[in-house]
Each structure stands twice: as structure tokens, then as C-alpha cells.
Amino acid sequence: MKFFQRIPSKIRAYWLLIKSLQTGLLLSTGIAGYLSAHTTLDLRIMLGLVGSLFLAISGSTILNMWYDCDIDTVMNRTHNRPLASGKVTKREALILGLLLSTIGVSWAIMLDTLYGLIVISGLFFDVVVYTIWLKRRTSWSIVWGGVSGGIPILAGRALAIGQIDLVGILLMMSVLFWIPTHILTFNMRYFDDYKAAGVPTFPSRYGIEATRAIIALSAIIAAASIGVAGVMIGVQAGALRLMAVLSTGLLLLSFATVFRPSEQVNFSLFKYASIYMLASMILLSL
């Protein structure tokens, strides 16, 4: 009886390991990449895309949390996470992360070789290059984390057209340069947490003002990349106008962090960045 009573709490703990909001956002970019080709919708392929990407991203996220468990226990923001709080053991997390990752990339390869290789590269960049190799060594690790974040949309596009094209690269760049508007605002908000954990960030390495300038520059490149990609894809004029409005909001908030900095502006940009990316993915999919 006690065993069955423990199942719901354990499942909830496992679910928290995959960071469902972050995973869902990345998954939405993969779907948008596929639908951006405007090819005839194949439900079997779409199911394979959603399933393989969800598993690969979830597995990657769990492996990240497994490796960073010691950091999470130090940071006030993360010390209640399942691994840091002891609700899930490191062995359980490692097994689950490896299992989901293996199933996800295997499914991706069976679906299409090129698509599978791109998914594998995303997993490699995220877990090995970003988390294990660079995250604790340099603030520039965010660049490689951005590359892995841009992989799902590139993979989705490649699955639809059978190759890597300029549109796919632009879409990947839009995500890569969107990530600083999201992560660097987070780094500033939790500056003391990252410092206590010994994780190098742009604010600690280059200062707050330089970080704000990087956020503004990244927002410009992200908005330009997704705008050019939208034109090349042939997104309808109404959707393009709405995308332009969304991009303007991102730019205004990014510039506000430079010229009118405040904790409220910083947090507003952090929240808006996720809404902006999700909305943009929906518009690209139409």
C-alpha cells in the first residue's frame, strides 16, 4: 500500500526533472521548424518529430540536472529541485536521463538519418560541451548552450526538406541570439546565487552594464534573423506584421535594460522573452 502511495510523488519529482516549460518551448521550436516548410502534413512524421524531440530534450535536461546537482544544492533558487532536495537519487536521474536520451535519438535516427544526426549533435553540445566542459569554466558557455537550444528548430526544418538550408540556419540563429535575452536577465536577477555556486556569468565577468548591452545586441540579431526567415518562408503579411510588433516589444524591453535599468524591467524582459519566442513559433507554423 505504501508503494502505491509513493508513486504519484515520485512521478511528480520525475516530471520536475525535465523542466516541462523549458522543454515545451524548445519542442515548439522544433514543430515550427518542420511546419515552416509548408509541406503536406504527415501525421506519422509529426508524431515521430514530437516524440523523439520530447524524449531527447527531456533526457538532456535530466542529465544536465544530474551533473549540476552540487551547484543546485548551493543556489537558493534551485536547492528545492528533486535531485538537490533528495526526492530523486543521482542514480535514478542518471538512468532516466540516459534512457530517455537513448530512446529519443534512436527514434530520431530511424525517422531520418540527417534529422537524427542533428538531434544527436544538440544532445552532445548541451550535455558534453556546455554542461560538462564549459559551464563551470567560462561565461562564454552560454554561446554553446545557445547552439544546442537552436538545434530543435534546425532539426525540424531539416526533417521537412531533407537538408540544411539558409532558412534553417536563420531560424537557428534566431533562437541562439534569443537565449541571451532570456538567460542573461536571469544571471543578473540571481547574481549572488551564481557567484555562490562558482558559476562564471557575463555579469560577474564583464559587469552589469556590458551584459545589458549584449542583451540589446542579441535582441536585434534575433529579431532580424526571425524576420528575414519569415520573409523567405513566405509568411503572410498579417503574420509578419504581428511578428514585427512582437519583435518591437522585445527590442524596446532590451533597450530599456540599457537606458532605464531596473529590477522590474529586467524581470519583464525575462518573462516577455518566453512569450515572444512561443508566439513567433506559432506564427511561423501558420
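No experiment lies behind these values; they were computed from the predicted model shown.
With sequence neighbours left out, the salt bridge (Lys or Arg N to Asp or Glu O under 4.0 Å) criterion links K87 to no other residue. Applying the side-chain hydrogen bond (donor to acceptor under 3.5 Å, both in side chains) rule to W133 yields no partners; only residues at least two apart in sequence or on another chain are considered. For N266, there are no side-chain hydrogen bond (donor to acceptor under 3.5 Å, both in side chains) partners, not counting sequence neighbours. Applying the side-chain hydrogen bond (donor to acceptor under 3.5 Å, both in side chains) criterion to T78, with sequence neighbours excluded, gives D72. Under the salt bridge (Lys or Arg N to Asp or Glu O under 4.0 Å) criterion, D42 pairs with no residue at all, not counting sequence neighbours. D112 meets the salt bridge (Lys or Arg N to Asp or Glu O under 4.0 Å) test with no other residue; sequence neighbours excluded.
Residue pairs that meet the side-chain hydrogen bond (donor to acceptor under 3.5 Å, both in side chains) test with at least one member in residues 191-205, sequence neighbours left out, are R77-Y194, T201-S204. The stretch residues 33-84 participates, sequence neighbours left out, in no ring-ring contact (aromatic ring centres under 6.0 Å, His included) pair at all.
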Starting from the C-alpha separation in whole Å, work towards a yes-or-no answer on side-chain hydrogen bond (donor to acceptor under 3.5 Å, both in side chains) for T181 and Y272. CA-CA 9 Å; T181 67; Y272 180 81; over 6 Å; no
Using the rule given for side-chain contact (heavy atoms from CB on, under 4.5 Å), can you reason through I120 versus I109, listing the C-alpha separation, both sets of side-chain angles and the distance that settles it, and then say yes or no? CA-CA 9 Å; I120 291 173; I109 290 173; 3.5 Å; yes
Using side-chain hydrogen bond (donor to acceptor under 3.5 Å, both in side chains), reason through N80 and S85 one step at a time and then give a plain yes or no. CA-CA 5 Å; N80 286 323; S85 63; 5.9 Å; no
Working for side-chain contact (heavy atoms from CB on, under 4.5 Å), residues I151 and V119: CA-CA 7 Å; I151 287 294; V119 172; 5.6 Å; no
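Contact of the L269 side chain with the L250 side chain is registered, since non-hydrogen atoms from C-beta on lie closer than 4.5 Å. Side-chain contact between I31 and M281 is absent, with no heavy atoms from C-beta onward closer than 4.5 Å. Residues S268 and L253 are in side-chain contact: their nearest non-hydrogen atoms beyond the backbone lie under 4.5 Å apart. No side-chain heavy atom of E209 sits under 4.5 Å from any side-chain heavy atom of V258. Within the 4.5 Å cutoff, the side chain of R44 has heavy atoms near those of the L111 side chain. Residues L43 and L41 are in side-chain contact: their nearest non-hydrogen atoms beyond the backbone lie under 4.5 Å apart. You'll find the side chain of T211 stays beyond 4.5 Å of the side chain of N187, heavy atoms only. With a 4.5 Å cut-off on side-chain heavy atoms, I18 and I62 count as touching.
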Side-chain donor/acceptor pairs under 3.5 Å, residues 225-247, sequence neighbours excluded:
from, atom 1, to, atom 2, distance (Å)
S225, OG, I221, O, 2.8
S247, OG, M243, O, 3.0
S247, OG, Y276, OH, 3.1

Mind listing the side-chain donor-acceptor pairs of residues 171-180 below 3.5 Å, one per line with the distance, residues two or more places apart or on another chain?
from, atom 1, to, atom 2, distance (Å)
S174, OG, L171, O, 2.5
W178, NE1, A273, O, 2.7

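Remark: I95 CD1 to T89 OG1 distance equals 7.5 Å, nearest 0.5 Å. Atom OG of S28 sits about 11.0 Å away from atom CG of L35, to the nearest 0.5 Å. The line from CG of L27 to CG of L49 is 7.0 Å long, rounded to the nearest 0.5 Å. Note: L100 CG to L96 CG = 4.5 Å, rounded to the nearest 0.5 Å. Separating the CG atom in L26 from the OG atom in S148 is a distance of 8.0 Å, to the nearest 0.5 Å. One finds the OG atom of S36 at 8.0 Å from the CG atom of D165 (value rounded to the nearest 0.5 Å).
Taking the six-membered ring where tryptophan is involved, the planes of H182 and F270 are essentially parallel, since the angle between them stays under 30° and well short of 60°.
Inspection of the R212 and T257 side chains reveals no N or O donor paired with an N or O acceptor under 3.5 Å. A side-chain N or O of T131 and one of N64 form a donor-acceptor pair less than 3.5 Å apart.
The neighbour count for Q264 CD, taken as heavy atoms of other residues, nucleotides or ligands under 6.0 Å away, does not exceed 12. Enclosure of atom CH2 in W144 is not indicated, since only 12 or fewer non-hydrogen atoms of other residues, nucleotides or ligands lie within 6.0 angstrom.
The heavy-atom pair separating F255 from I220 by the smallest distance is CZ-CD1, 3.6 Å. Between L16 and P82, the shortest heavy-atom distance links the atoms CB-CG, 3.6 Å. Pairing each heavy atom of I161 with each of A37, the nearest pair is CG2-CB, 3.6 Å.
For the salt bridge (charged side-chain N to carboxylate O under 4.0 Å, His left out) with D68, the lone residue among R136, R81, K90 that qualifies is R136.
Note on I208: it clusters hydrophobically with I214, by side-chain heavy-atom contacts below 4.5 Å among ILVMFWY residues. A continuous path of ILVMFWY side-chain contacts below 4.5 Å connects V127 to L94, so both sit in one hydrophobic cluster. Both I282 and V167 belong to a single network of hydrophobic side chains, linked directly or stepwise wherever heavy atoms of I, L, V, M, F, W or Y lie under 4.5 Å apart. Hydrophobic clustering places L114 together with F124 (ILVMFWY residues linked when any side-chain heavy atoms are closer than 4.5 Å, directly or through intermediates). Hydrophobic cluster membership differs between M277 and L251, with clusters built from Ile, Leu, Val, Met, Phe, Trp and Tyr side chains linked at under 4.5 angstrom.
S121 places a side-chain N or O within 3.5 Å of a backbone atom of I118 that can act as its donor or acceptor partner. Listed for the T102 side chain is a donor-acceptor partner under 3.5 Å among the backbone atoms of L98.
Under a 4.5 Å side-chain heavy-atom cut-off, the cluster of Ile, Leu, Val, Met, Phe, Trp and Tyr residues that includes Y130 has no other member. When hydrophobic side chains of Ile, Leu, Val, Met, Phe, Trp and Tyr are connected at separations under 4.5 Å, L252 ends up as a singleton with no cluster partners.
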